[in-house]
Every structure is written in structure tokens, then in C-alpha cells.
Amino acid sequence: MENLLDEQPRVIHEFQKIISSNMLSHAYLIDNASSKIRQQMAIWLAQSQFCENLQDGAPDQTCQKCQTIALGDNPDVLEIQTDKQSIGVDDIKFFKKEANMAATQGKRRILIIDEAEKMTVQAANNLLKTIEEPEGNLMIILLADSSKQLLPTIQSRVQIFHLSNQSNEDEIANLVKVGFKSDQAQRALKVTDIKYLESITGDKYQALSVALVNWLKEINKQKINSFVDIQTDVMPLIENKDQQHLVFDMLNQIFSDILSIRYNLEKSTLTSVDILDRKSIKKIVAMSDELFTAEQMWKSNVSFQAILEDLSLKFVD
């Protein structure tokens, strides 16, 4: 936590100005960086609302109230965390009810939703009602890999803060321990979160990247049987839910890389070649939309393999 100012100085200073001016909004979306850094940012923001020694809009993080929040013992600071594939509407309703109760430790209650991209459409729409018509002195902090993974209606009604994606040295070191090369780890951390990368070795990550690129090359050739590559080349590399999540992130990055190549933008991450050169930009954007829908289906517990095979058919069409 003590390194947060060094790692995210721009966002910290922006929040300090907002807090000092008493201009805090009731709903924020914080994305990019790692899940660890996003969570630390949310805790820092929550501490700023209870700290006994606030200085220039920044909590001291050492007073009793700050420590209580850091330990997760403040009843006015609620956090939704789940190991499930999705956050359902019942989860949101339960925590909304809890969050709307009267504050006991301060003037407001705070609801932090970690991995907000896991919310089902029904859950997100239920939360949207509270964001549009907040009750009491409630602050909602959404944390996500990318703001683009949330409904546009939510994105338009919250204030979004993008954290720096500068890779943390500790995270790179952790990936090196599981077989990543240092430069490979640094690039991989631009694609997905550390927790998904820790579920796979460096060699298997590289093999998965090659398999996905080759699959898309077959799709580019309009091969209707490209779904066979999912069965023979991709699925044997997937062992758990975290690795399934990784596939969606890698595919999103490949589509982003291809658009960057087309528009001569920033350096690509997973592919430096336009492997979909027979597809129009309009088609690639449509494929990206299909991928988003597919990920939502996966979060609703539809078979991962069936989803990728279905994408094969839709991408070739």
C-alpha cells in the first residue's frame, strides 16, 4: 500500500484534488493495472472518507480507522468478491440492501465491487438503478480489468479512472518463478491480470498464444472446419477457469493488435502481423462484439469449448 503513490501518482493526485475540494462523486469505475493495485486504490479511497488525520485529501493509512478498513473490519465498507464465474443479481441485491443501511462508523457507506466485469447483465442493470438514483450517502467503487467490459449504460453514469499499466516488479518476479521470461512477463501483464497468468507456465502461455493465432489464421482463410483447431490445439492447453478467462483476454488483445496495425498505432503485444488481413475493419469489430457476447455466455456457465466452437462458425461467416 505504501508504494501506491509511486505506482499511481497521477490518479492519486487527481483524487486528492477532488477530495480536498469536497467534490467526490457517488460512483467510480477504476480499471487497468493489476487486481492488487486496483484493490489498493479502492481501499485508499475508502480510507480517505474515514481517516482521522486527512492531509491534502490523502489518508495517513496509519490511524485506527484506516487500519480497520485495510483489515476489512469496518462495517461501513462493504466489498463484493467472488471466486465464481459471475456476480449475479441476487448478490447485487443483497449487498445493496446492506449498503443502504445507516452508517455506523462515519457519514457514509462504501460498496466496493471487485471484478465488476463478472456482473451478469441482470446484475449490472439492477446496480444501474442505484447508480442513477443513489440512496443516502452511498459511494460505489467498481473495479475491473477494463471499463469496456462493463455495460455502456454503466460506463456513462460513473466517473472512470484509468490506472497506469506499468508492470510491477514484484509481479514480473512472480511470473519468472513459474517459467516466464522477464520480457515475456512484462508483455503478458499488458494482456491480462497477474492472477490469471499465475495459473499457467511461461511455456504453456506461449503455446496458447501460438494456438490462438493459428486458429485465427484458419478463420482468415474461411475454413469452415476451423472449430476442429479448438478441439485439437486449444483445449488440450486449458486446465481451469482462470486459463479460460485468459483465452478471452488474449483474443481481445489480438483484435486490438490487428486494429493497431491497420491504423499504424502503438506497438502490438501478441501479434505483429495482420493475421486477419482478409477481414474488413467492420468485420473485425463485429468479431470483437461477438467475443464480448461469448464471454458473457461463459460467465453464465455455458460450456467454454462449445462457445469457442460457435465463435469459429460465426467468425468464418
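L71 is not listed as a side-chain neighbour of T68, based on a closest heavy-atom distance of 4.5 Å or more. Residues I113 and L127 form a side-chain contact, since some pair of their non-hydrogen atoms from C-beta on lies under 4.5 Å apart. Side-chain contact check for I30 versus I160: every heavy-atom pair is 4.5 Å or farther apart. The shortest distance between side-chain heavy atoms of T104 and D76 falls below 4.5 Å. Two residues are said to be in side-chain contact when any heavy atoms from C-beta on lie closer than 4.5 Å; Q122 and N126 fail this criterion. Looking at E290 and L311, their side chains come closer than 4.5 Å, going by heavy atoms from C-beta outward. With contacts defined as side-chain heavy-atom distances shorter than 4.5 Å, the pair L189/S34 does not qualify. Side-chain contact between L246 and L208 is present, with heavy atoms from C-beta onward closer than 4.5 Å.
Of the possible polar contacts, none joining the S288 side chain to the I284 backbone as a donor-acceptor pair under 3.5 Å is found. In terms of modelled atom types and a separation under 3.5 Å, the side chain of S156 and the main chain of T153 share a donor-acceptor contact. Between the side chain of T271 and the backbone N or O of V273, at least one donor-acceptor pair lies under 3.5 Å. Judged by distance alone, with hydrogens and angles left aside, the side-chain atoms of S300 form a donor-acceptor pair with the main-chain N or O of Q296 at under 3.5 Å. Counting only distance, with no hydrogens or angles, the side chain of Q105 and the backbone of F50 share no donor-acceptor pair below 3.5 Å. With Q184 contributing its side chain and G202 its backbone, the two residues share a donor-acceptor pair below 3.5 Å. Not one N or O on the side chain of S209 forms a donor-acceptor pair closer than 3.5 Å with the backbone of Y205. In this structure, Q16 contributes its side chain and D56 its backbone to a donor-acceptor pair below 3.5 Å. No donor-acceptor pair closer than 3.5 Å links the side chain of D31 to the backbone N or O of A144. D60 places no side-chain N or O within 3.5 Å of a backbone atom of N53 that could act as its donor or acceptor partner.
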Fill in: From CA spacing to verdict: side chain to side chain contact (heavy atoms under 4.5 Å, CB included), K181, L175
CA-CA 8 Å; K181 296 178 181 178; L175 291 179; over 6 Å; no
Item to complete: Determine, stepwise, if the pair E117 / S146 fulfils side chain to side chain donor-acceptor pair (under 3.5 Å).
Response: CA-CA 8 Å; E117 69 273 13; S146 169; over 6 Å; no
Item to complete: In sequence, state the C-alpha distance, the side-chain angles, and the governing distance for F304 and F248, and then conclude on ring pair (Phe, Tyr, Trp, His ring centres under 6.0 Å).
Response: CA-CA 10 Å; F304 177 71; F248 286 113; 5.8 Å; yes
Item to complete: Check step by step if salt bridge (charged side-chain N to carboxylate O under 4.0 Å, His left out) holds for K84 and D91.
Response: CA-CA 11 Å; K84 299 185 296 183; D91 299 317; 3.4 Å; yes
Discussion item. N125 vs L151, test: side chain to side chain contact (heavy atoms under 4.5 Å, CB included). Steps then yes/no.
Written reply: CA-CA 9 Å; N125 283 328; L151 292 178; 3.6 Å; yes
Practice prompt. Report the C-alpha distance between E295 and N252 in whole Å, list the side-chain angles of each, state the deciding distance to 0.1 Å, and finish with yes or no for side chain to side chain contact (heavy atoms under 4.5 Å, CB included).
Written response: CA-CA 11 Å; E295 187 171 358; N252 272 311; 4.0 Å; yes
Worksheet item: Yes or no on salt bridge (charged side-chain N to carboxylate O under 4.0 Å, His left out) for E218 and K221, after CA distance, side-chain angles and deciding distance?
Response: CA-CA 5 Å; E218 294 300 293; K221 297 174 185 176; 3.6 Å; yes
Item to complete: Evaluate the side chain to side chain contact (heavy atoms under 4.5 Å, CB included) criterion for residues M139 and L111: first the C-alpha distance (whole Å), next the side-chain angles of each, then the deciding distance (0.1 Å), finally the verdict.
Response: CA-CA 6 Å; M139 178 191 291; L111 176 60; over 6 Å; no
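Between R109 and A99, the closest heavy-atom pair is CD-O, 3.2 Å. The minimum heavy-atom distance between I172 and A185, with the atom names listed, is CG2-CB, 4.2 Å. In terms of heavy-atom proximity, V316 sits nearest to S226 at CG2-OG, 3.8 Å. For the pair S164 and A33, the tightest heavy-atom approach, listed with the atom from each and the gap, is O-CB, 3.4 Å. Counting all heavy atoms, side chain and backbone alike, S48 lies closest to I19 at OG-CD1, 3.4 Å. Closest of all the heavy-atom pairs between Q159 and S25 is NE2-CB, 3.5 Å.
Between atom CZ of residue F180 and atom CD of residue Q186 there is a gap of 13.0 Å, rounded to the nearest 0.5 Å. The OG atom of S182 sits 9.5 Å away from the CD atom of E169 when rounded to the nearest 0.5 Å.
Side-chain contact annotation: Q222 with K279, donor-acceptor N/O pair under 3.5 Å present. Inspection of the T130 and K96 side chains reveals an N or O donor paired with an N or O acceptor under 3.5 Å. Side-chain atoms of Q253 and D257 form a donor-acceptor pair, as typed in the model, at a separation below 3.5 Å. Side chain to side chain, W298 and S86 fail the donor-acceptor criterion of an N or O pair below 3.5 Å. In summary, the side chains of Q85 and K241 do present a donor paired with an acceptor at a separation below 3.5 Å, with no hydrogens or angles considered. For the residue pair D277 / N220, a side-chain donor-acceptor distance below 3.5 Å is found, with atom types taken as modelled. Side chains of Q39 and E79: a donor on one and an acceptor on the other come within 3.5 Å.
Residues Y28 and F15 bring their aromatic ring centres within 6.0 Å. Ring centers of F292 and F255: at least 6.0 Å apart, outside the cut-off.
A salt bridge links D274 with R262; the closest basic N to acidic carboxylate O contact falls under 4.0 Å. Using a 4.0 Å cut-off between a side-chain N of Lys or Arg and a carboxylate O of Asp or Glu, E14 and R10 qualify as a salt bridge. At a threshold of 4.0 Å, the pair K36-D193 does not count as salt-bridged, since none of the basic side-chain nitrogens sits closer than that to a carboxylate oxygen. A salt bridge links R38 with D145; the closest basic N to acidic carboxylate O contact falls under 4.0 Å.
A continuous path of ILVMFWY side-chain contacts below 4.5 Å connects M41 to F161, so both sit in one hydrophobic cluster. Residues V158 and W44 fall into different hydrophobic clusters, defined by Ile, Leu, Val, Met, Phe, Trp and Tyr side chains chained together at heavy-atom separations under 4.5 Å. Under the 4.5 Å side-chain heavy-atom criterion for Ile, Leu, Val, Met, Phe, Trp and Tyr, V11 and I18 are members of the same hydrophobic cluster.
Considering L143, I92, L142 in turn, I92 is the only one that fulfils the side-chain contact (heavy atoms from CB on, under 4.5 Å) rule with I80.
Checked against salt bridge (charged side-chain N to carboxylate O under 4.0 Å, His left out), K118 has the following partners two or more places apart in sequence or in another chain: E115.
Remark: N22 CG is loosely packed, at most 12 non-hydrogen atoms of other residues, nucleotides or ligands lying under 6.0 Å away. Applying the 6.0 Å contact sphere to NZ of K177 captures no more than 12 heavy atoms from other residues, nucleotides or ligands.
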Side-chain donor-acceptor pairs of residues 230-240 under 3.5 Å, sequence neighbours excluded:
{"unit_1": "Q231", "atom_1": "NE2", "unit_2": "E309", "atom_2": "OE2", "d": "3.1"}
{"unit_1": "T232", "atom_1": "OG1", "unit_2": "V228", "atom_2": "O", "d": "3.1"}
{"unit_1": "E239", "atom_1": "OE2", "unit_2": "K204", "atom_2": "NZ", "d": "2.5"}
{"unit_1": "N240", "atom_1": "OD1", "unit_2": "D242", "atom_2": "N", "d": "3.2"}
{"unit_1": "N240", "atom_1": "OD1", "unit_2": "Q243", "atom_2": "N", "d": "2.9"}

